Amino acid sequence: MAPSATTHAPDGKRNGDIHRDYNDDRNATSEDTLYCTSNGVPMPHPYETQRVGENGPLLLQDFHLVDLISHFDRERIPERVVHAKGGGAHGYYQTTDPLDDICTADIFQPGKKCPISVRFSTVGGESGSHDCARDPRGFSVKFRTEEGNWDVVANNTPVFFLRDPAKFPHFIHTQKRDPATHLTGADDSTMFWDYLSQNPESIHQVMILMGDRGIPDGWRKMHGYMGHTLKLVNKKGEWKYAQMHMKSKQGTGFITQEDSANYSPDYAQKDLYNAIEKGEYPGWDVCFQLMSPQEAEDLWEKQKINVFDLTHVWPHDQFPLRKVGEFFLNENVKNYFAEIEQIAFNPAHLPPGIEPSADPVLQSRLFSYPDTHRHRIGVNYQQLPVNAPRVPYRIANFQRDGNMAFYNQGSRPPYLSSIEPISFRKRTVDLSSVHGHFTGNAVTFLSEIRKEDFNQPRVMWEKVFDDGAKARFVSNVSGHMSTCRKEEIIKRQIAIFREVSEDLASRLEKATGVKGYEGISNMRFNGTHNGMAAEKSLRQANGMEQPERVGDSIPDNNGAPRAGTHNL
């Protein structure tokens, strides 16, 4: 029997008090509640309707029914354009090895601990897609620090398919359903391989995606990598470039392509949820690779590795991991929609001491992520409980109104008032020294494919993959290519693989029955300039004219921090 409106909850609050409380609502049982309409009017039964007589039409005055149906018609929000299928949990982070000599951020100081929420996902699939699809996995963490939220938007791969930010929407379109057949890449891979064969800088990610790591054994058994380069600033104003890694304490595991069909479509979600329910709390070590500005310049000059390039990794023997802390997931969500579907991660959410680098794809995401949240959830999305910061001070700003403004800052002036002033904190990061002085003409930029782009993929094939991994890779690629409707695309892609390894290309030719082109020196791409072209006419991307390089007017650095970049 439902309680009356005067029933007291176990914590002494009256159920249905004047002020609704998020945590009280989240943790209340059904037995603690009273059935009402959305405006709080108690109703005798949820299935009743008003009608004219026992067999007549319904009455428009039946607000209970109208309230129910109209909300039902609107209870979905737009799914994420990418990372639509996912799940997650809550937990805590703690600093175990302080990084205070490198970074002023409060979270990295000795003894610090904060609550976190993590969302895992697949990248390209729809909200109902399979957890065991061959796809990168999203790995996003919301650290609720005492200096505001820090959102780490990462993947389970250290690199990605592109390094030019304007390519991102185009790439994602090729991972979705074909506009004519309305088939996904599982049944029609033409768009998928067409894009990759025209943008060969994707090869490093392709080697990972089509290898054993392409289908991880659930979310607990995979690492997380931010991929982008950050800057960490210490109290002296000194800074270093940084790459963030989250290393699974459970180790890693993978599922083969052949076996993936035997798993539940929600396998990863079920695995995480059940592990936490059983008290088997998954954990990850938080580590950084660190590099000085001078080392970044030298890395390009000597090894042609660009710290701003999302398709490259930093050599671990030169830049070893330094652990700073660890986090564990020990609490399942109570309501998926409120705590996972509405959670919003934004790489621009950075506490003092953590700054963005000039990584162009990161720079683009600093805008893109909050922009999509304002569209998908609303301009006041950070007032939702799962997104709200937990800081030891009252937040003040001059953002007012808009949809669902729960905390609209009362009668406080919506401008900088001299009569009723707000407080300010002293600046802790000197941005002028951290981000340097950029001087130059506005230029249009598109990266080019270069021989060094194949060095790391070649190491994967020759030194990382064992014989079994090589065989599975060839089977995965050739199987996926079997639904590609254009042989020309396969020829081009095999040519790209040939720049990685002749052995790899030959195996794929045998597996697909298609003879690929002899490398890329005689090819022209529509997505990138070909720095390996044998003839000048093939160097520019299709439809583009690139002026001759004259001195440093067009630096031959492919966007890397060349010598002198940092005014050291």
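Quick caveat: nothing in here was measured; it's all calculated off a predicted structure.
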Handout entry: Candidate list Asp266, Asp135, Val123, test side chain to side chain contact (heavy atoms under 4.5 Å, CB included), partner Lys85, passing option
Key = Asp266
Exercise for the section: Decide whether His312 and Gln456 meet the rule of one side-chain donor and one side-chain acceptor closer than 3.5 Å. Expected result: no
Completion exercise
Value for CZ (Phe497) from OG (Ser197), rounded to nearest 0.5 Å, stands at 10.5 Å
Practice task
Could you tell me which non-hydrogen atom of Leu446 sits nearest to which non-hydrogen atom of Ala541, and how far apart they are?
Solution key: CD2-CB, 4.0 Å
Handout entry: Arg365 and His228: side chain donor to acceptor below 3.5 Å
Key = yes
Practice task
Could you tell me whether Lys515 atom NZ has more than 12 heavy atoms of other residues or ligands within 6.0 Å of it?
Solution key: yes
Practice task
Under the side chain to side chain donor-acceptor pair (under 3.5 Å) rule, collect the residues that match up with Arg163, sequence neighbours excluded.
Solution key: Asp309, Thr311, Ser447, Asp453
Completion exercise
side chain to side chain donor-acceptor pair (under 3.5 Å) filter on Asp298, not counting sequence neighbours, yields Gln294
Exercise for the section: Report yes or no: does Asn330 contribute a side-chain atom to a donor-acceptor pair with the main-chain N or O of Tyr281 at less than 3.5 Å? Expected result: no
Exercise for the section: For Ala242 and Leu290, work out which heavy atoms get closest and say how close. Expected result: CB-CD2, 3.9 Å
Practice task
From the options Phe120, Tyr92, Tyr93, select the one residue that forms a ring-ring contact (aromatic ring centres under 6.0 Å, His included) with Trp284.
Solution key: Phe120
Fill in the blank from the handout: Of all heavy-atom pairs linking Arg450 and Asp556, the shortest is NH1-OD1, 3.0 Å
Handout entry: Neighbour count >12 (heavy atoms, 6.0 Å) for atom NZ, Lys486
Key = no
Problem - Enclosure of Phe367 CZ (heavy-atom neighbours >12, cutoff 6.0 Å) - result: no
Practice task
Would you list the pairs meeting salt bridge (Lys or Arg N to Asp or Glu O under 4.0 Å) in which at least one residue belongs to residues 456-483, sequence neighbours left out?
Solution key: Asp212-Arg472
Practice task
Would you tell me whether Ser117 and Arg144 have side-chain atoms, one donor and one acceptor, within less than 3.5 Å of each other?
Solution key: yes
Handout entry: Thr157 and Asn155: side chain donor to acceptor below 3.5 Å
Key = no
Practice task
Would you kindly say whether His223 and Ser248 are connected by a side-chain donor-acceptor distance under 3.5 Å?
Solution key: no
Exercise for the section: Answer yes if the side chains of Glu295 and Gln318 hold a donor-acceptor pair under 3.5 Å, and no otherwise. Expected result: no
Problem - Salt bridge flag under 4.0 Å for residues Glu79 and Arg76 - result: no
Exercise for the section: Take atom NE2 of His316 as the centre, draw a 6.0 Å sphere, and report whether it contains more than 12 heavy atoms from other residues, nucleotides or ligands. Expected result: yes
Problem - Ring center gap for Phe160 and Phe171 short of 6.0 angstrom - result: yes
Problem - Test side chain to side chain donor-acceptor pair (under 3.5 Å) applied to Gln269 and Asp131, step by step - result: CA-CA 8 Å; Gln269 170 69 29; Asp131 275 359; over 6 Å; no
Exercise for the section: Would you check if the side chain of Glu499 reaches a backbone N or O of Lys451 as a donor-acceptor pair within less than 3.5 Å? Expected result: no
Practice task
Would you tell me whether Ser189 and Thr483 have side-chain atoms, one donor and one acceptor, within less than 3.5 Å of each other?
Solution key: yes
Problem - Lys270/Glu277 salt bridge by N-O under 4.0 Å criterion - result: no
